[in-house]
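Read the structure below first, then the notes.
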2 protein chains.
Amino acid sequence: MGSNFSVAEENYIKAVYHLQKPGAIVTTNELAAELQTKAASVTDMLKKLKQKKVLNYEPYRGFNLTTEGRKAALGIVRKHRLWEYFLVEKLQFGWDEVHEVAEELEHITSKKLIDKLDAFLDFPRFDPHGDPIPDVNGKMQVQHDISLNDLPVNTPAEVSSVKDQSSELLDLLKHKNISIGSRLQVTRKFGFDQSIELRIKDIAAPVNISLQLAQVLYVKPL
Amino acid sequence: MGSNFSVAEENYIKAVYHLQKPGAIVTTNELAAELQTKAASVTDMLKKLKQKKVLNYEPYRGFNLTTEGRKAALGIVRKHRLWEYFLVEKLQFGWDEVHEVAEELEHITSKKLIDKLDAFLDFPRFDPHGDPIPDVNGKMQVQHDISLNDLPVNTPAEVSSVKDQSSELLDLLKHKNISIGSRLQVTRKFGFDQSIELRIKDIAAPVNISLQLAQVLYVKPL
DNA sequence: AAATAAATTTAGACAAATCTAAAAAATAAT
DNA sequence: ATTATTTTTTAGATTTGTCTAAATTTATTT
């Protein structure tokens, strides 16, 4: 209950959560890069968060979240994604404009606010980029989606999420008529530049996409 | 343009705005009481805000907002009241629960957010307590309402705002069937305890209210 | 008008979060 | 297995906003 963290602490917790691969460990430099800060600052904060039992940390050995820490992280991710959903669905924000605003909104402390917002939005399970939104208990849909790059030829699939939130990506997707939910299949793969040809459902002409685009586009085979 | 204030600075600016009677001056102790802090802290912040040209301040002489400062204050008040409106109208918060949450939300910096929220809410001109909401240019409806205590007998009037946001007041108003917009007139005034008898439109039985209640209830004669 | 009281400001300290530069530990290379 | 390199931690300083205690200024009494 006493999960009372400062904005800075919350940002560290969230960053560790995002960097943490299952089983593995996060390092000081990784975290410093993620948070655009210096390694020395990270060390200071790690000591504080260890004391607060948010993460397991042995000097020089790396660190990862405790159960408590993971719970806190899921709370912050929940807030972030619900606010993003609100901004896009209710306030007509563009896809690429929401991240920074949600970055501020996620630190508003009222639990009642976020639960009522959840209800107001009708309990959405995915944010505008296709990332799952943790529910009130921290549970979220497991994503078994794969990079479009790894989708076998001629396998029908649906676009489920995008791992980049730039306006440049949004532009490109609009131009190519691709959005979350689009049904498609890979018709050809070109070895020379690893580009891919797609057929998108309900769209006549085949679409060609680059390796870079295929890497950030995630799909769920049907 | 560079109106870039910290949360603490914004709280000072807002507090001075609320304490500042037209023409008059605000004192260090008043502000310390309002912000639940110490006079020494206030003095420190005043020097900083004077440098930022937010307020006029001469040591020992009191202070008030500059045009720049008033503009900043109106921006914060706008955010606070729009968020309160959102919480009550869209998220079904109770009247008495919104202040603290809005106190946090008002510091979110995105101007685009607040203008889009304003549009989403359909440009409301009064918050749930009847206080006017500044528009995008800082303009707001002038309230020529008076305390119910000063309303002459037998003058039809409409409840326009309440100067107290406690749940105790909300309780009492519910019980007496009074809300913002209620039409009423004073039928009798009792000298002994300065209590007042009211007739509320569409409600058969007359209602008796105490001096304390009459003082926080504001009405607009029709 | 001097003395007392009240309000305000200054001086010095502290906690949070950050930084730079130097020291220590772990890893990689010869 | 030493040496060199990279990574991480420590030490000490800085900024923001706060505090207490002491000094100063203004206001109030007598």
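Chain naming here is simple, since letters A, B, ... match the order of the sequence lines and numbering starts at 1 in each. Just so it is clear, the model here is predicted, and its values are computed rather than measured.
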What residues, two or more places apart in sequence or in another chain, satisfy ring-ring contact (aromatic ring centres under 6.0 Å, His included) together with A:H18?
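Counting only residues at least two positions away or on another chain, A:H18 forms no ring-ring contact (aromatic ring centres under 6.0 Å, His included).
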Answer yes or no for [X] and [Y]: cation-pi contact, defined as NZ/CZ to six-membered ring centre under 6.0 Å and angle to ring axis within 45°.
X      : Y      : answer
A:K163 : A:Y218 : yes
B:K90  : B:F120 : yes
A:K47  : A:Y57  : no
B:K116 : A:F93  : yes

What is the distance from [atom1] of [X] to [atom2] of [N], rounded to the nearest Å?
X     : N      : atom1 : atom2 : answer
B:F5  : D:dT16 : CZ    : C1'   : 16 Å
B:D44 : C:dA11 : CG    : C1'   : 10 Å
A:M45 : C:dT18 : CE    : C1'   : 9 Å
A:Y60 : D:dT6  : OH    : C1'   : 12 Å
A:Q51 : C:dA15 : CD    : P     : 14 Å
A:L46 : D:dT10 : CG    : C1'   : 14 Å
A:E58 : C:dA26 : CD    : P     : 12 Å

In residues 30-42 of chain A, which residues come under 4.0 Å of DNA chain C by heavy atom?
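Those residues are A:T37, A:K38, A:A40, A:S41.
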Any residue in residues 19-28 of chain A with a heavy atom nearer than 4.0 angstrom to DNA chain C? Just list them by number, or reply none.
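Heavy-atom contacts with DNA chain C come from no residue of residues 19-28 of chain A; none.
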So A:V54 and A:F5, do their side chains get closer than 4.5 Å, heavy atoms only?
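Yes; the side chains approach each other to less than 4.5 Å.
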Among B:D135, B:N137, B:D118, which one satisfies side chain to side chain donor-acceptor pair (under 3.5 Å) with B:R78?
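Of all the options given, the one that passes is B:D118.
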Does a side-chain N or O of [X] approach OP1 or OP2 of [N] to a distance below 4.0 Å, or not?
X     : N     : answer
A:R61 : D:dT7 : no
B:Y57 : C:dT9 : yes
B:N29 : C:dA6 : no

Counting side-chain heavy atoms from CB outward, which of D:dT10, C:dT10, D:dT25 is closest to B:T43?
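Nearest listed nucleotide: C:dT10.
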Of the listed nucleotides C:dA25, D:dT18, C:dT10, the one nearest the side chain of B:K47
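Per side-chain heavy atoms of B:K47, the pick is C:dT10.
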Base, sugar-phosphate, or nothing: which does B:Y12 touch, judged by heavy atoms less than 4.0 Å apart?
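Sugar-phosphate only.
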Test item: A:R70 side-chain N/O and A:L65 main-chain N/O as donor-acceptor pair under 3.5 Å:
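Yes: the side chain of A:R70 pairs with the backbone of A:L65.
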Counting the benzene-type ring for Trp, do A:H99 and A:H80 have ring centres under 6.0 Å apart?
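They qualify: ring centres under 6.0 Å apart.
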